[in-house]
Protein chains: 2
Amino acid sequence: METRELRYFVAVAEELHFGRAAQRLGIAQPPLSRAIAQLERRLGVALLERTSRTVALTRAGSVLLIEGRAALDAVDAADRRTRRAALATTGHPGLVLVTKAGASGELLAKLLDAYASEPDAVPVDVLLCGIGEQERMLRDGRADVALLHRPFDSTVGLDCEELRTEGQVVVLPAGHPLTAQDEVRMADVAELPGLPPPRRRGPDGTYPDGPGPEVRDTTQLYQLIALSRTSAILPESCRADLRHDLAAVPVVDAPRVTTVIAWPPHSRSLALAALIRTATRL
Amino acid sequence: METRELRYFVAVAEELHFGRAAQRLGIAQPPLSRAIAQLERRLGVALLERTSRTVALTRAGSVLLIEGRAALDAVDAADRRTRRAALATTGHPGLVLVTKAGASGELLAKLLDAYASEPDAVPVDVLLCGIGEQERMLRDGRADVALLHRPFDSTVGLDCEELRTEGQVVVLPAGHPLTAQDEVRMADVAELPGLPPPRRRGPDGTYPDGPGPEVRDTTQLYQLIALSRTSAILPESCRADLRHDLAAVPVVDAPRVTTVIAWPPHSRSLALAALIRTATRL
DNA sequence: CGGCATTGATACCGCGCGGGTATCCATCGC
DNA sequence: GCGATGGATACCCGCGCGGTATCAATGCCG
């Protein structure tokens, strides 16, 4: 099976439309039809149900969609990491660390500081990305290592080490009545009048339904809280860089959040190993 | 990057010889030289150092060897799992479970029994393989789920659940002086005169150096112990199916062994989920 | 119920690329 | 210095990928 065939199939399976898929791939529709037919012939498996008006996935097709995406990510990762390894010999870049924008700020700063003072440290690029994108970044080679937060992020298919766990706080507009208390419980903040919980983008790029505002990153979130449009439950370390017009109150019975450092399972890079060692010794 | 190019490169990188690699791939040597040159040109990266007498990997080449193998495994997995999914609709096979030959016998039997009596169970093929091969089987799609034993097997890059932990025993020829004791310590069995520890095949297919015999599976091992050529430290559950001419003595300070059920991280199969649920409830 | 738009499949064509053979050139061993 | 070894180069052929034109089946509309 060639990656070209996989790319073609994934495009059709995602669009469920040969014309649009062909457009997305930058080829004409007939060669695409032919390529899919040939793939099915070679596999000896029907992947799509076509009714000349509509296209649907068979059971085998769904399997190939999932597995094919993973395989394409692995190929992309091979490409990117090879290119980066070549640059590394000639000098500059080193590791790419990815984390959620606006999370674990001081932990990250401490880690980068400690690592930079190691004898054979290499430059570390920091990449900030949206919620749930880190795993993909690691899998397709855009990043080498990530800071994740359990239980929010899944560490499925990754190697990881725990760095620390912390409680959570509810972040409210300064002056909100609840800020007078020194602690609250989940029940107290589950349904705050006028402050519905924000809706975050899911892994599929869509937002769940509900009354709260859609948020993409922490800056947006803070601004919306300052405007009294929403509230949020966040790890207590967020207090370190909270805006002056926000206040945080510990939520004693919120699930504890574990910050982990995670990396793709087969990495053999010495620089990565040193960074991880530094992180676990913090 | 096409899988054909990856296969070609991996062959050359493993053989470090264009002629032999071409032979292995079933093509002539010149097209192979060209394909590698083209791959290097497209990546913009030197992968091999050629000196017209010898071939060596560059740093980038080593990265591509590791990452490329993983990517090819992922593509193979997509192929195999798709084929199997198609068969599943028409009837017979279901899940493939892989474990080390001769380990966790009764646990496996209990698991298969319990699962078979579930309402919507599918047939489970059991595959036995050598030490350290299971991870590869899961990654390239030859198996769906495995029983592994920590700390011996690595669960890197896999999802898993712990099933049970147990102590270890030293297995000796019946009548050996130590079998008179009801327990021993690691120090007592570290260097048994005349019974050097067996040498097991490593992940790269080679055996470490040392005085002990090479063993590939448990049957061989038992036979060699019965012949007083070696001894072994094994999980205590091995006592259930020990030959009559062997004896086991608990080793009180040996590391405890954890049996885990492991599967590739992105599986979405309902049958697999049911099997795992059954396993964790045992 | 007939015309039209939509959408996937088929027919056919041209060229680029992968693979083959023959050969060259550099290096090593004697 | 000569042959053997091993990778690169030159050249040719045929398959296969991608393109255009067209067909065929289905759903929508009047």
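A quick note: this is a predicted structure, and the numbers were derived from the prediction, not measured. A note on names: the letters A, B, ... follow the listed sequences, proteins ahead of strands, and every chain is numbered from 1.
Annotation: salt bridge (Lys or Arg N to Asp or Glu O under 4.0 Å) contacts of A:E118 (sequence neighbours excluded): none.
For A:R4 and D:dC15, the CZ to C1' distance is 13 Å, given to the nearest whole Å. Whole-Å rounding puts the B:Q23 CD to D:dG7 P distance at 12 Å. For the pair A:L25 CG and D:dG18 P, the interatomic distance rounds to 10 Å; values are reported in whole Å. Rounded to an integer number of Å, the gap from B:L32 CG to D:dA8 P is 9 Å. As a whole-Å value, the separation of B:E2 CD from C:dC17 C1' is 13 Å. Distance A:I27 CD1 to C:dA9 P: 13 Å, rounded to the nearest Å.
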Please list, for nucleotides 27-30 of chain C, all pairs of protein and nucleotide N/O atoms separated by less than 3.5 Å.
{"residue": "C:dC28", "atom": "O4'", "partner": "B:R53", "partner atom": "NE", "Å": "3.4"}

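Applying the 6.0 Å contact sphere to CZ of B:R229 captures no more than 12 heavy atoms from other residues, nucleotides or ligands. At most 12 heavy atoms of other shown residues, nucleotides or ligands fall within 6.0 angstrom of atom CD in B:Q23.
Taking a 4.0 Å limit (strictly below) on heavy-atom distances, residues 33-41 of chain B reaches DNA chain C at B:R34, B:Q38. Within residues 11-22 of chain A, no residue places a heavy atom under 4.0 Å from DNA chain D.
With respect to B:D73 and B:R69, no salt bridge is recorded, no charged nitrogen being found less than 4.0 Å from a carboxylate O. Comment: A:E15 engages A:R24 in a salt bridge, judged by a side-chain N to carboxylate O separation of less than 4.0 angstrom. Contact check on B:K100 versus B:D153 returns a salt bridge, with a Lys/Arg side-chain nitrogen under 4.0 Å from an Asp/Glu carboxylate oxygen. A salt bridge is defined here as a Lys NZ or Arg NE, NH1 or NH2 lying under 4.0 Å from an Asp or Glu carboxylate O, and A:E5 with A:R41 fails to meet this definition.
Ranked by how close their nearest DNA chain D nucleotide is to the 5' end, A:Q29 and B:T54 are led by B:T54. When each of B:P30 and A:A28 is assigned the nucleotide of DNA chain D with its nearest heavy atom, B:P30 is the one assigned upstream, toward the 5' end.
In this structure, OG1 in A:T54 is found 10.0 Å from CD in A:E49, a value given to the nearest 0.5 Å. Rounded to the nearest 0.5 Å, atoms CZ (B:R84) and CG (B:L95) are 7.0 Å apart. Distance check, rounded to the nearest 0.5 Å: OG of B:S154 to NE2 of A:H266 gives 12.0 Å.
B:R81 has its side chain within reach of B:D144: a pair of non-hydrogen atoms, C-beta onward, lies under 4.5 Å apart.
The cationic group of B:R7 does not satisfy the cation-pi geometry with B:F9, failing either the under 6.0 Å distance to the six-membered ring centre or the 45° limit from the ring axis.
Of the side-chain N and O atoms in B:R50, one or more sit less than 4.0 angstrom from OP1 or OP2 of D:dA8.
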How far apart are the C-alpha atoms of A:V10 and A:L64, what are their side-chain angles, what is the distance that settles it, and do they pass the side chain to side chain contact (heavy atoms under 4.5 Å, CB included) test?
CA-CA 8 Å; A:V10 169; A:L64 187 56; over 6 Å; no

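In DNA chain C, runs of at least 3 stacked Watson-Crick or G-U pairs (N1-N3 plus N6-O4 or O6-N4, or N1-O2 plus O6-N3, all under 3.5 Å) give these stems: C:1-30 with D:1-30.
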Which side-chain N or O atoms in residues 29-38 of chain A pair as donor and acceptor under 3.5 Å with protein atoms at least two apart or in another chain?
{"residue": "A:Q29", "atom": "NE2", "partner": "A:S33", "partner atom": "OG", "Å": "3.0"}

